[in-house]
Chemist: 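Input: one structure, supplied below.
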Amino acid sequence: MADETEDEIGKDGTIREKLVATKETWAREGRGLTGTTADPARDRLPPGQRLVEDWPVLDLGIVPRVTTENWTLTVDGLVENPIAWRWEDFQAQPQKRFVSDIHCVTTWSRYDNHWEGVSTRHLLAIVKPKADARFVVCHSSDGYTTNLPLDAFAEEDALLATRWEGQPISRDHGGPVRVVVPKLYFWKSAKWVKRLELVAEDRRGYWEVRGYHNEADPWKEERYSE
Ligand SMILES: Nc1nc2c(c(=O)[nH]1)N[C@H]1C(S)=C(S)[C@@H](COP(=O)(O)O)O[C@H]1N2
Ligand SMILES: [Mo]
């Protein structure tokens, strides 16, 4: 099998600069903010969200050609056991099923998504974070990054997903493997994930440096930073 490195994975498309500029404007203007909070124990829809039935595609416009043949996952940084997995290694792990809702900061939510993949808790049990590891930086094959606290990454419903509604996750939606962290706005869920870096100091990702909130809890309407 060709030993294709992550840098050799092809990318189709170019960054949609207008879309990025529009989303930066939304952040400055506080688009979608209602100034309210909701209680996940009582409500299903977070404040300012509306329900959709289909599953929209959102990304920077660069769609990498990641396949089960050339996909690799590196987990490194502050871990006792760094790993570099290929598809076969990933498939050899226990596969779990999760059902969760998606909440996108652009105000759509989609209920009852059936995911299958490897739980982040299982992954962390293998790599063994060092005591000073407190954040995870997710790196994707399109150049996207997003950061989250290790605790949020380790929530019991978070996973590295390969299947959605019983089918392999499509290329548009980040297949063959994407992160899904349902408790946070969906930009924290990296498509085409290739590297998870555990760090001691927080480091903001693509949208987090462009006006989007560092924590991103939909129930607290953490859409934008200041
Ligand atoms: N690699 C990568 N992951 C990404 C993005 C991206 O541009 N690149 N966009 C994020 C944003 S803003 C959202 S809303 C969701 C969209 O996922 P979907 O296209 O499957 O709905 O992916 C997130 N993960
Ligand atoms: Mo988004």
Chemist: May I ask you to decide if R163's main-chain N or O and Q167's side chain share a donor-acceptor pair within less than 3.5 Å?
Modeler: no
Chemist: For F153, is there any backbone N or O sitting under 3.5 Å from a side-chain donor or acceptor partner on T120?
Modeler: yes
Chemist: Does V99 belong to the same Ile/Leu/Val/Met/Phe/Trp/Tyr cluster as I102, with side-chain heavy atoms less than 4.5 Å apart forming each link?
Modeler: no
Chemist: Quick one: pull up NZ in K194 and CG in D142 and give me the separation to the nearest 0.5 Å.
Modeler: 9.0 Å
Chemist: Please report the interatomic distance CG(L123) to CG(L159), rounded to the nearest 0.5 Å.
Modeler: 11.0 Å
Chemist: Checking D43 now: which residues fulfil side chain to side chain donor-acceptor pair (under 3.5 Å) with it, not counting sequence neighbours?
Modeler: none
Chemist: Closer than 3.5 angstrom, by distance alone: can the side chain of D76 be matched with the main-chain N or O of N81 as a donor-acceptor pair?
Modeler: no
Chemist: Quick check: is L196 connected to L184 through a chain of hydrophobic side chains (ILVMFWY, heavy atoms under 4.5 Å apart)?
Modeler: yes
Chemist: Tell me, please, which residues at least two apart from Y224 pass ring pair (Phe, Tyr, Trp, His ring centres under 6.0 Å).
Modeler: Y212
Chemist: Do T74 and W85 have side chains that approach each other closer than 4.5 Å (heavy atoms only, starting at C-beta)?
Modeler: no
Chemist: Does the side chain of H114 pick up a donor-acceptor pair with the side chain of E165 at under 3.5 Å?
Modeler: yes
Chemist: For the residue pair P46 and P218, what are the closest heavy atoms and their distance?
Modeler: CB-O, 3.6 Å
Chemist: Using side-chain heavy atoms (C-beta onward) and a distance below 4.5 Å, is F90 in contact with L160?
Modeler: yes
Chemist: With a 4.5 Å heavy-atom cut-off, do V20 and R210 have their side chains touching?
Modeler: yes
Chemist: Between W26 and V105, is there shared hydrophobic-cluster membership here, with clusters defined by ILVMFWY side-chain heavy atoms closer than 4.5 Å?
Modeler: yes
Chemist: State, yes or no, whether a side-chain contact exists between L198 and L124 at a heavy-atom distance under 4.5 Å.
Modeler: yes
Chemist: Spell out, as yes or no, whether a donor-acceptor pair under 3.5 Å connects the side chain of T145 to the backbone of Y206.
Modeler: yes
Chemist: Between T34 and E221, is any side-chain donor less than 3.5 angstrom from a side-chain acceptor?
Modeler: yes
Chemist: With no hydrogens and no angle check, is any side-chain donor or acceptor of Y185 less than 3.5 Å from a backbone partner on T106?
Modeler: no
Chemist: Salt bridge check: are K188 and E208 linked by an N-O gap of less than 4.0 Å?
Modeler: yes
Chemist: Measuring from atom CZ of R223 to atom NE2 of H103, what distance do you get when rounded to the nearest 0.5 angstrom?
Modeler: 10.5 Å
Chemist: Checking R28 now: which residues fulfil side chain to side chain donor-acceptor pair (under 3.5 Å) with it, not counting sequence neighbours?
Modeler: T25
Chemist: When the side chains of residues 173-183 are checked against the rest of the protein, which donor-acceptor pairs come out under 3.5 Å, sequence neighbours left out?
Modeler:
unit_1, atom_1, unit_2, atom_2, d
R178, NH1, H173, O, 2.8
R178, NH2, S189, O, 3.0
K183, NZ, D157, OD1, 3.3
K183, NZ, D157, OD2, 3.0

Chemist: Where do W55 and W164 land on the ring-ring contact (aromatic ring centres under 6.0 Å, His included) test, with the steps shown first?
Modeler: CA-CA 11 Å; W55 184 12; W164 175 81; 4.6 Å; yes
Chemist: Using a 6.0 Å cut-off, check whether atom CD of E156 has over 12 heavy atoms from anything other than its own residue.
Modeler: yes
Chemist: Can you tell whether the side chains of R171 and D12 come within less than 4.0 Å, N to carboxylate O?
Modeler: yes
Chemist: Side-chain heavy atoms under 4.5 angstrom apart, residues restricted to Ile, Leu, Val, Met, Phe, Trp, Tyr: same cluster for V209 and I15?
Modeler: no
Chemist: Between R204 and N214, is there a side-chain heavy-atom distance shorter than 4.5 Å?
Modeler: yes
Chemist: Return each pair, listed once, that meets side chain to side chain donor-acceptor pair (under 3.5 Å) where at least one residue sits in residues 124-140; pairs must be two or more places apart or across chains.
Modeler: H139-E197
Chemist: Looking at R97, I'd like to know if its CZ atom is crowded, meaning that more than 12 non-hydrogen atoms belonging to other residues, nucleotides or ligands lie closer than 6.0 Å.
Modeler: no
Chemist: Do D59 and K191 sit within salt-bridge range, that is, some charged N less than 4.0 Å from a carboxylate O?
Modeler: yes
Chemist: Evaluate whether atom CD of E80 has more than 12 neighbouring non-hydrogen atoms of other residues, nucleotides or ligands under 6.0 angstrom away.
Modeler: yes
Chemist: Are F135 and N147 side-chain neighbours, meaning at least one heavy-atom pair lies under 4.5 Å?
Modeler: no
Chemist: Show your working on side chain to side chain donor-acceptor pair (under 3.5 Å) between S225 and H213 and close with a plain yes or no.
Modeler: CA-CA 4 Å; S225 48; H213 201 282; over 6 Å; no
Chemist: Decide yes or no for L45 and Y111: does some side-chain heavy atom of the first lie under 4.5 Å from some side-chain heavy atom of the second?
Modeler: yes
Chemist: Could you tell me which residues satisfy side chain to side chain donor-acceptor pair (under 3.5 Å) with E215, sequence neighbours excluded, listed by chain and number?
Modeler: none
Chemist: Is it the case that D39 and W219 place a side-chain donor and acceptor less than 3.5 Å from each other?
Modeler: no
Chemist: Between D54 and P56, which heavy-atom pair has the shortest distance, and what is it?
Modeler: O-CD, 3.5 Å
Chemist: Would you say the side-chain atoms of N113 and D101 include a donor-acceptor pair closer than 3.5 Å?
Modeler: no
Chemist: Does any non-hydrogen side-chain atom of T162 lie less than 4.5 Å from one of W115?
Modeler: no
Chemist: Say you draw a straight line from CH2 of W192 to SG of C138; how long is it, rounded to the nearest 0.5 Å?
Modeler: 14.0 Å
Chemist: Let's go through V52 and R50 carefully: what are the C-alpha distance in whole Å and the side-chain angles of both, what is the deciding distance for side chain to side chain contact (heavy atoms under 4.5 Å, CB included) to 0.1 Å, and is it a yes or a no?
Modeler: CA-CA 7 Å; V52 300; R50 71 196 158 80; 3.5 Å; yes
Chemist: Taking the side chain from R110 and the backbone from E53, do they hold a donor-acceptor pair closer than 3.5 Å?
Modeler: yes
Chemist: Which value, rounded to the nearest 0.5 Å, describes the distance between R44 atom CZ and L51 atom CG?
Modeler: 8.0 Å
Chemist: Give, for atom CH2 of W71 and atom CD1 of I9, the distance between the pair rounded to the nearest 0.5 Å.
Modeler: 10.5 Å
Chemist: In this structure, would L58 and Y144 fall into the same cluster of hydrophobic residues linked by side-chain contacts under 4.5 Å?
Modeler: no
